[in-house]
Number of protein chains: 2
Amino acid sequence: MLAPSTQGRIARTIPVIPDSASAHAQEQANHCHSCSLRNLCLPTGLGESDMAKFDMIVGRRHRIERDKFLYRMNDPFKYLYAVRVGHFKTQRIEDNGEQQITGFQMPGDLLGMDAIAGGHHYSDSVALEDSEVCEIPFSKLEQLFADIPSLLRHFHRLMSHEIRREQNIMISLGNMRAEQRLAVFFTNLSSRYASRGYSPSNFHLRMKREEIGNHLGLRIESISRLLARFQKAGYVKVDNREVRILDKIRLETLAAGEMAAC
Amino acid sequence: MLAPSTQGRIARTIPVIPDSASAHAQEQANHCHSCSLRNLCLPTGLGESDMAKFDMIVGRRHRIERDKFLYRMNDPFKYLYAVRVGHFKTQRIEDNGEQQITGFQMPGDLLGMDAIAGGHHYSDSVALEDSEVCEIPFSKLEQLFADIPSLLRHFHRLMSHEIRREQNIMISLGNMRAEQRLAVFFTNLSSRYASRGYSPSNFHLRMKREEIGNHLGLRIESISRLLARFQKAGYVKVDNREVRILDKIRLETLAAGEMAAC
DNA sequence: CGGATTCTTGAAGTCGCTCAACGAACGTGG
DNA sequence: CCACGTTCGTTGAGCGACTTCAAGAATCCG
């Protein structure tokens, strides 16, 4: 059954992935064709035989514990990674300590594309919970592009999509009020969960308030106050990191730039 | 002679490109191998014969008048464009009127990569002065990738580089004070002109104050005030749109996050 | 020249930040 | 299982950076 909702009271350390999907991932660990993410991930749209070829080059599946790094800035670049289970954040930390979380990744998302330009990773990737990734050797991927034009085409779409995603964040950071930024953040999370078969109205935040704030260019106190206001206004119900979207329409209106009445 | 500096008092409508380069572009309009931008542009690093192949697929060179659109959001995507002469801005305008200038492009920069994902352009591209672009049919480019692996590799580097560029803007918008953002903007412009053989310390702003402000998430009045402060502090000399960087070190210190003394 | 656009400067206002204190949840070790 | 230190989150009061509003100066360009 698709569209399992994230569960209610789960201790933080346990990956909040529906048991069925999680078990599924364990059992059929090594083949894209049986992976539930094959319609989101890099091999999307490949035929049977091409997907098998792709499968051949995919390296080991790695488990990354919570708070551990998948890669660090300036690490040599050899692999792209596809998130299989769990959540990650990518961040850049400047010499002077300035930090920006550039994105949150969930199953099906591809990590490491910003490393291609320089041969070294350009950001850190940190697991927000115990997670798993598929390791994709980039040089082998490049060889495969010659064989499978549709794989190349999809890869370009993914990179282009990443550029778009970042443009959207630029709009958020450059143009929007705090309230609107947070509304956009929630609607975005919601639709990403929806396209992965999870509940769009009922999910668990894998990141701290501080990380949300950093990503949105706001302080932790602002996030806290905004959540309180959203809740008071009846847009959402927030219990610790458990979020229930109560008024999707109003939230989307906020995200579109309409000011809140309160 | 390389490193020509931009010139002093030039009317706005005239492209502020050194005469020699401009004439060069006119005369040898249709071949990458004689283009002064071949070390920045898409065919960078190709050998003679591969560059000739690439040259074959490059379509017409277009002239775009100031304030005219190279493409508009939602236009069907057929071509990437390489800036040959002049400057552009790319912007996204949301339904509610929110606008964000996502970048300023100069000769050698590649335009339109955000369109690959959806088959339609995701932003507007507007000429800031009378400009010229080379039109690169994307479907032919894709075919060529099979022939010229090094072209594909460089294309990936360019897309990855675009992702990095936008991450840097995210840091600017999310983490930095107004002062620091402007300093970063200037040092960035400076180094881009330097890598194109222009003076890094003496250049003409092709964009309005308002456009700088929009790009940096600030109001036009803030830009104006900051420029006045920078000038008073002796970091730069600003005469209308003519900029001379007087204290490169201090400006870079500001850009790195050190607060100004004033 | 003269209207329109762009830019500058000042004064007042506001949104989000800083600082501070407290409370809740976690998780490690007894 | 509870105790206790630590991390994380909430709330309030005051402040400051940037915005908004407004007016005027400079520049552009037909």
Side-chain angles (χ1 to χ4, degrees), chain A residues 8-14 16 65-67 89 98 128-130 172-183 185 204-232 236-243 254 257 259-260 262, chain B residues 8-14 16 65-67 89 98 128-130 172-183 204-232 236 238-243 254 257 259-260 262:
Chain A
R9 21 207 93 266
I10 294 183
R12 248 190 224 175
T13 39
I14 301 176
V16 187
E65 285 173 39
R66 177 183 167 187
D67 293 334
K89 66 175 173 182
E98 266 158 20
L128 295 176
E129 59 187 337
D130 293 352
S172 171
L173 292 173
N175 276 283
M176 297 180 187
R177 299 303 181 93
E179 181 181 75
Q180 191 180 359
R181 290 185 210 177
L182 188 61
F185 178 71
H204 185 81
L205 295 174
R206 271 69 171 192
M207 66 294 286
K208 306 172 196 165
R209 301 281 190 273
E210 191 185 352
E211 291 168 328
I212 298 176
N214 180 293
H215 182 56
L216 299 179
L218 300 168
R219 296 286 117 182
I220 178 175
E221 296 95 329
S222 297
I223 301 297
S224 203
R225 279 185 254 265
L226 284 167
L227 286 177
R229 272 175 53 197
F230 279 13
Q231 184 155 245
K232 196 163 288 179
V236 296
K237 173 92 175 60
V238 184
D239 177 18
N240 205 4
R241 295 197 184 176
E242 215 58 40
V243 173
L254 267 188
M259 301 292 267
C262 55
Chain B
R9 18 206 95 267
I10 294 183
R12 246 192 226 177
T13 40
I14 301 176
V16 187
E65 286 173 38
R66 177 183 166 185
D67 292 334
K89 65 174 173 183
E98 266 159 20
L128 296 176
E129 60 186 337
D130 294 352
S172 171
L173 293 173
N175 276 285
M176 297 181 187
R177 304 291 179 141
E179 181 181 78
Q180 192 181 356
R181 291 186 210 176
L182 189 61
H204 185 81
L205 296 173
R206 270 69 171 192
M207 66 294 286
K208 305 173 198 164
R209 301 281 191 273
E210 191 186 352
E211 290 167 328
I212 298 176
N214 180 292
H215 183 56
L216 298 180
L218 300 168
R219 297 286 115 182
I220 178 175
E221 296 95 329
S222 297
I223 301 298
S224 203
R225 279 185 254 266
L226 283 167
L227 286 177
R229 272 175 52 197
F230 279 13
Q231 183 156 248
K232 198 164 287 180
V236 296
V238 183
D239 178 17
N240 205 6
R241 295 197 185 176
E242 213 60 40
V243 172
L254 267 188
M259 302 290 267
C262 57

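The sequence lines fix the lettering, A, B, ..., with proteins before strands; numbering per chain opens at 1.
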Residue list, side-chain hydrogen bond (donor to acceptor under 3.5 Å, both in side chains) with A:Asn175, at least two apart or on another chain: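 Here the qualifying residues are B:Gln100.
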Should A:Arg241 be listed as having a side-chain N or O under 4.0 Å from OP1 or OP2 of C:dA24?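 Negative; the distance criterion is not met.
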Below 4.0 Å: OP1/OP2 of D:dC28 and any side-chain N or O of B:Asn240: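 Indeed, a polar side-chain atom of B:Asn240 lies that close.
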Return the set of residues passing salt bridge (Lys or Arg N to Asp or Glu O under 4.0 Å) with A:Glu65 (not counting sequence neighbours), or none when no residue passes.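 A:Glu65 satisfies salt bridge (Lys or Arg N to Asp or Glu O under 4.0 Å) with A:Lys68 only.
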Residues forming a salt bridge (Lys or Arg N to Asp or Glu O under 4.0 Å) with A:Glu210, sequence neighbours excluded: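 Listed in chain order: nothing, the list is empty.
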Counting distance alone, no hydrogens or angles: does the base of C:dC15 have a donor or acceptor under 3.5 Å from a partner atom on the side chain of A:Glu179?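 Flag unset: no donor-acceptor pair detected.
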List every contact pair, protein side and nucleotides 13-17 of chain D side both N or O, where the distance is under 3.5 Å.
none

Could you pull out all residues at least two apart from A:Arg209 that satisfy side chain to side chain contact (heavy atoms under 4.5 Å, CB included)?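 With neighbours one apart ignored, the set is A:Leu205, A:Ile220, A:Ile223, A:Leu227, A:Val238, A:Arg241.
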Does anything in residues 205-232 of chain B pair up under ring pair (Phe, Tyr, Trp, His ring centres under 6.0 Å), and if so which pairs, sequence neighbours excluded?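 Counting only pairs at least two positions apart or across chains, the ring pair (Phe, Tyr, Trp, His ring centres under 6.0 Å) contacts touching residues 205-232 of chain B are B:Phe104-B:His215, B:Phe230-B:Tyr235.
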Would you check, one step at a time, whether the test side chain to side chain contact (heavy atoms under 4.5 Å, CB included) holds for A:Arg181 with A:Leu226? CA-CA 10 Å; A:Arg181 290 185 210 177; A:Leu226 284 167; over 6 Å; no
Contact check, side chains of A:Gln180 and B:Glu98, non-hydrogen atoms, under 4.5 Å: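 In contact.
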Of B:Ser222 and A:Arg219, whose closest DNA chain C nucleotide lies nearer the 5' terminus?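 That would be B:Ser222.
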Atom-pair distance ([atom1] on [X]; [atom2] on [N]), nearest Å:
X	N	atom1	atom2	answer
A:Glu210	C:dC17	CD	C1'	14 Å
B:Leu173	D:dC18	CG	P	13 Å
B:Glu221	D:dA25	CD	P	17 Å

Output, in order, the C-alpha distance, side-chain angles, deciding distance and verdict of side chain to side chain contact (heavy atoms under 4.5 Å, CB included) for A:Lys89 and A:Met207. CA-CA 8 Å; A:Lys89 66 175 173 182; A:Met207 66 294 286; over 6 Å; no
Selected nucleotide, minimal atom distance to [X] side chain, candidates [options]:
X	options	value
B:Arg209	D:dT11, C:dT8, D:dT10	C:dT8
B:Leu218	C:dG27, D:dC18, D:dC29	D:dC18
A:Ile220	D:dC29, C:dT18, D:dG9	D:dG9

I need the full list of side-chain hydrogen bond (donor to acceptor under 3.5 Å, both in side chains) pairs touching residues 216-225 of chain B, with sequence neighbours left out, sorted by first then second residue.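 Sorted pair list comes back empty.
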To 10°, what angle do the rotation axes through the five end pairs on each side of the helix from C:dC1-D:dG30 to C:dG30-D:dC1 form?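 About 50°, once rounded to a multiple of 10°.
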